[in-house]
2 protein chains.
Amino acid sequence: MINTVSCSHMFSGISEENYGKMMSCFKSSPKKYSAGETICFYESKKRTVGIIETGRAVVVKTFYSGSQTILEQLSEGSIFGEVFYFHANTDGISVIAASNCTVRFIDYGKIMKSCHNACEHHSQLIENLFSIISCKAAELSEHIDVLSHRTIREKLMAYFQIQSSKNNSTQFKLPFSLSALADYISVDRSAMMREIKKLKEEGYIDIKQKEVTLLKEYIQ
Amino acid sequence: MINTVSCSHMFSGISEENYGKMMSCFKSSPKKYSAGETICFYESKKRTVGIIETGRAVVVKTFYSGSQTILEQLSEGSIFGEVFYFHANTDGISVIAASNCTVRFIDYGKIMKSCHNACEHHSQLIENLFSIISCKAAELSEHIDVLSHRTIREKLMAYFQIQSSKNNSTQFKLPFSLSALADYISVDRSAMMREIKKLKEEGYIDIKQKEVTLLKEYIQ
DNA sequence: ATAATTCTGTTGCATAAGCAACAAATTATA
DNA sequence: TATAATTTGTTGCTTATGCAACAGAATTAT
């Protein structure tokens, strides 16, 4: 399941000039990685924040079996690090460069402590970090709202209603494939397809490709 | 479902003297409420943090039907506010005094901005806030881990395994009733009871009252 | 353009899980 | 202590859902 940090940018509201100042204050210099290279492994105690300055990368979980899942897709401006990953065990999680990229690492403690050089931007940075974490938490909360319904039908409708209200419209586009949706709502894909078919037949929804339309009020 | 802010204290590491200094810096004075009184209603845009200095309170969701659920139990040192509640809609959520209590309100923005008087404690405060939010997010994440299993059996075992590893023991005490557990893992209580019985019979677990023991490795 | 891979759509079958309804045990409250 | 309220334990019935297995569409890679 992909869990993007889409909500806000860590350095929004901070000029490029001040960004540079802060980086020298944080004593952080960019590092280069070529496509396919491992940027880092997650360790539970580590307290650094990574920032993708250029290029793309992925956060990957590798299972004992050797199979892998992409947990997150990172692009320019994305941040990563164990502090943003709230699971207890970070075993087998690593960040891999998807293209040639430059990455900065900042000590988490340094972000928390105020610095004298750029204090006014610093508080902006902290506010941004809060909104990123809060946003992640909101996404988790939303996911729970969907998962805590008992039936596939209810999970689907809960998900659709959230998307609809986010879009301020009864019509919206699914952000991922139907297979991924089944994964997100944690149900068997074929059973989900069956339920979608029923919902269509009963006139609750219309769905072609990834375009969904809610047709009538669903009373749970 | 009760969602306690148990992880860390907002003012841990800050002396009582400095706490007072900060409060005057925040221009926050304590307000008194008597048992049963409504302390506040949640509004999505509001950006204040509440702190229970003395007494107890509850965060309650009131449905259109008039029925209520306790979302959180607050005691001395607990904090509350819409910034710690990650759901989209805050409709019908209010904080009610469970006993006579004194409460402080702090503007969220003031916490973010650094102040000159007590800067060194301020960064401690911010770090504490981060750990509170991260901890909440971790709880949500844990909940998703449980809910994303397909069967009642798998959900139960996932939950038990988390509790076991938190306790560093195959034996642990459930933090809530079996009914509440059914609620937490979002399944029918009677079906859950049936599954617990089976798990007992098959020798996976032992459970009397709220004491659970994991007896053999469960291979999911 | 062709091959390979992933995604979509469908079905039969077995059973897990929801629902309702009840009694007994436990805990809370007056 | 008596009474109320909640929690636990159980069962029959029905059906929703997981699983396996398949074929065709749509992507993506070569």
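Predicted model only: the values in this text are computed from it and were never measured. Convention: sequence-line order gives letters A, B, ...; per-chain numbering from 1.
- Scored by the ring pair (Phe, Tyr, Trp, His ring centres under 6.0 Å) test, A/Tyr42 finds no partners at all (sequence neighbours excluded).
- Residues A/Leu178 and A/Met192 share a closest heavy-atom pair of O-CE, 3.3 Å.
- Annotation: cation-pi geometry satisfied between B/Lys216 and B/Tyr204 (NZ/CZ under 6.0 angstrom from ring centroid, within 45° of ring axis).
- B/Phe172 does not carry B/Lys166 over the face of its six-membered ring by the limits of under 6.0 Å from the centre and within 45° of the normal.
- For the pair A/Glu211 and A/Lys173, the salt-bridge criterion is not met [side-chain N within less than 4.0 Å of a carboxylate O].
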Contact state string [nucleotides 6-19 of chain D, B base, S sugar-phosphate only, - no protein heavy atom under 4.0 Å]:
-SBBBBB---SBBB
